[in-house]
Amino acid sequence: MASGTNQLHGDAFEIVRNQLFDSAGFFPVRFSPTGVALPPIDQQNDYGFTVGGPVTIPHLYHGMNRTFFHVSVDWFRLNQAQFIIGTVPTAAMKGGDFSQFVDSNGNLIPIYDPTTGQPFANNKIDPGRFSALAKTLLPSIPDPDRTGTNAGLQNNKSPSVAAIPIRQLLWDYTLDENISSSQSIHFSHWRDSYNAPSLTSAPIVPTSNPLQSEETNNILGTGFVVNYVKTISKNLVVTARADWIGNTIVQDNANLNVSFAGVQNGSTLPLITFDGQSAPSAWGVNGGAYLECCSGGLTVNNNRMLGIVGVNNWLWTKGRHTMNFGAQVRRTYQDTLDCNFCSGTFDFSQRTTSTPDSNDTNFGAYGSSFASFLLGLVDSSERIFITQDKLRNRAFAFYAQDDFKLTSRLTINAGIRYDILVPFTEEHNNIIFVDRTAPNPGAGGLLGAATKFGNCNGCANVNRAAVHWKYFQPRLGFSYQLTPKTVVQGGFYLSVLNGGAYEYGTSFAASFMSPLLNGSFLRAQPAAALPVTEAGIRLRSLLRKPRPSTPPLGTAASSSTFRQAKTTICPNCLTLHRWAQLHTTRHGASGCSVNCPGVCS
């Protein structure tokens, strides 16, 4: 970061953008009450200042040549226009009338009654057949307000959110103190607050509406740095540095006050999706997807990270040698609560109200996913609960390097670094992994069974992976001056990157392991034509709070394996089987034969 000087200096700036300087564009999405096309919202303002100089307190202290400060502040404001056009069902369709539900060629798309296998008379569904839960959401669905396409069935809803406010405040300050001619200290503190909401689907309703799709995105970063330098002699300089850097990311469903009877103990609307021709835009907040079935409904996603680092370096010069040697200590913390699937998901398909003959060439064209919604017939669904993971790791490093000026034109660099990366732990040992040496009873005794950290009966009796003790990393380089204007440089080095079992599992694998202990529900629709009682779930059935499944890990989409700090075979506890949870949900089968508290319970 910048430092102050003996003279007071500073600057200020401002950058402005506004729709007053813009045109409506060729395809306007914003209109005045009288229908006049208006330019999209574009309001951006970035302004700030810096100031630095000697620390001076009148009549008390004058920091010339000794104490300096530097301050920087930056404000950013943006109202981000929303352009995405949504799709909503027509007023007639909300009443069950699909007599105008046509394809792009104007041909009527027949809606079939799943109970009879025959088309509904006049392509109309009797409102008496509507699901009770579907009826509770019908008042929240807006009517079209645009001509749209495909006879007004698609792209017929303008954005109900004109713009999303994005705000950022970044500031920092530094203090430098020349303690004496041979030692100095530097201190920096910075803070970055960033608030940027986003929409996971077309903004067909405002955030006060249960169908809204906005998620908050609040990021807060803070850092402290202290650096001390001491010149012990003309040949020896020591440096000590400490860093404290934290980062918090909070993503919440923007509407946490929804009471929907289809999800037990929920405070948000589940993610509700549609497929097929003229499918409505999705409702609810999409938390992402990694299972074979569905995207998840987001409730909250909290990620708090903290890193603390200490470094000590010694610089020693002797003759033609310039040597650096020292050590580094790192400690990191991460508390995660990734409730990306806690709201639940209901996926509706046109196949449910299509011709019952899946071999019919029109099977993928007939039917309506919104009609399936009205009848309360779900194609697939999921809900996954999670508890907070508290992950920790630490690392130690030692290094030495010599820059040897062999001749006036040739300099050789030779060094080595040694890292000890201690793999992560979880405060409550809620981490699942695959023991490659354990027989898996769910796979006919083949080696490779799931287990968990901890010392319970049937657990792995370890709380982390093993330390790798051979991370030696040599470095070798040279610099050769061919001519006064030409220098050739080259080198080789071996470096160990943070990852694997050290860095909480590459790509946050750890956060995908622990949910297997918290209970999950997944029901995927097979490719064949659906008998509703077997392959679908009626919407009027509650999507209950998940419980630990039996067998406990039936819905595992993925798990990881690594060399354990201590090897213990757990032959009967926790098996991985892709279809086990579906089997459990239907028939209540149990595959757990070991007492493993919190897992096999």
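Only this structure's heavy atoms are used, side chains among them; waters, hydrogens and symmetry mates stay out.
Side-chain contact, Q168 with D192: a donor N or O sits under 3.5 Å from an acceptor N or O. Counting only N and O atoms by type, the side chains of T299 and S343 include a donor and acceptor under 3.5 Å apart. For the residue pair N253 / Q212, a side-chain donor-acceptor distance below 3.5 Å is found, with atom types taken as modelled. Checked by atom type, the side-chain pair R304/T248 shows no donor-acceptor distance below 3.5 Å. Side chain to side chain, S198 and N217 fail the donor-acceptor criterion of an N or O pair below 3.5 Å.
Residue pairs that meet the salt bridge (charged side-chain N to carboxylate O under 4.0 Å, His left out) test with at least one member in residues 79-93, sequence neighbours left out, do not exist here. Pairs of residues two or more places apart, or lying in two chains, that qualify as salt bridge (charged side-chain N to carboxylate O under 4.0 Å, His left out) and include a residue from residues 133-143 are K94-D143. Screening residues 85-110 for ring-ring contact (aromatic ring centres under 6.0 Å, His included) gives F98-F101 as the qualifying pairs, with residues at least two apart or on separate chains. Here salt bridge (charged side-chain N to carboxylate O under 4.0 Å, His left out) pairs that include residues 149-158, with residues two or more places apart or in two chains, are D145-K157. Listed by first and then second residue, the salt bridge (charged side-chain N to carboxylate O under 4.0 Å, His left out) pairs involving residues 101-117 are D113-R129 (not counting sequence neighbours).
Every residue two or more places apart in sequence or in another chain that forms a side chain to side chain contact (heavy atoms under 4.5 Å, CB included) with N301 is listed here: Q251, L298, D338, N340. Residues meeting the salt bridge (charged side-chain N to carboxylate O under 4.0 Å, His left out) test with D360, sequence neighbours left out: none. Residues satisfying the side-chain hydrogen bond (donor to acceptor under 3.5 Å, both in side chains) test with S368, not counting sequence neighbours, are none. Partners of D97 by side-chain hydrogen bond (donor to acceptor under 3.5 Å, both in side chains), not counting sequence neighbours, listed by chain and number: S99. Residues satisfying the salt bridge (charged side-chain N to carboxylate O under 4.0 Å, His left out) test with R167, not counting sequence neighbours, are none. The side-chain hydrogen bond (donor to acceptor under 3.5 Å, both in side chains) test applied to S201 returns S213, not counting sequence neighbours.
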Contacts table for residues 279-289: side-chain donor-acceptor under 3.5 angstrom, sequence neighbours left out:
unit_1 : atom_1 : unit_2 : atom_2 : d
S281   : OG     : T87    : N      : 2.9
W283   : NE1    : S281   : O      : 3.3
N286   : OD1    : G288   : N      : 2.7

For F433 and F453, run ring pair (Phe, Tyr, Trp, His ring centres under 6.0 Å): C-alpha distance rounded to whole Å, both residues' side-chain angles, the deciding distance at 0.1 Å, then the answer.
CA-CA 8 Å; F433 70 97; F453 284 174; 5.6 Å; yes

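Note that CG of L391 and OG1 of T336 are 5.5 Å apart. Values are rounded to the nearest 0.5 Å.
Q350 places none of its side-chain heavy atoms less than 4.5 Å from the side chain of Q277. Side-chain atoms of L138 and L374, non-hydrogen and from C-beta on, do get closer than 4.5 Å to each other. Counting heavy atoms from C-beta outward, D379 and F348 have side chains that stay 4.5 Å or more apart.
Partner of E382 under the side chain to side chain contact (heavy atoms under 4.5 Å, CB included) criterion, chosen from L271, D347, T345: T345.
When atom types are taken as modelled, the side chain of K452 and the backbone of N429 share a donor-acceptor pair closer than 3.5 angstrom.
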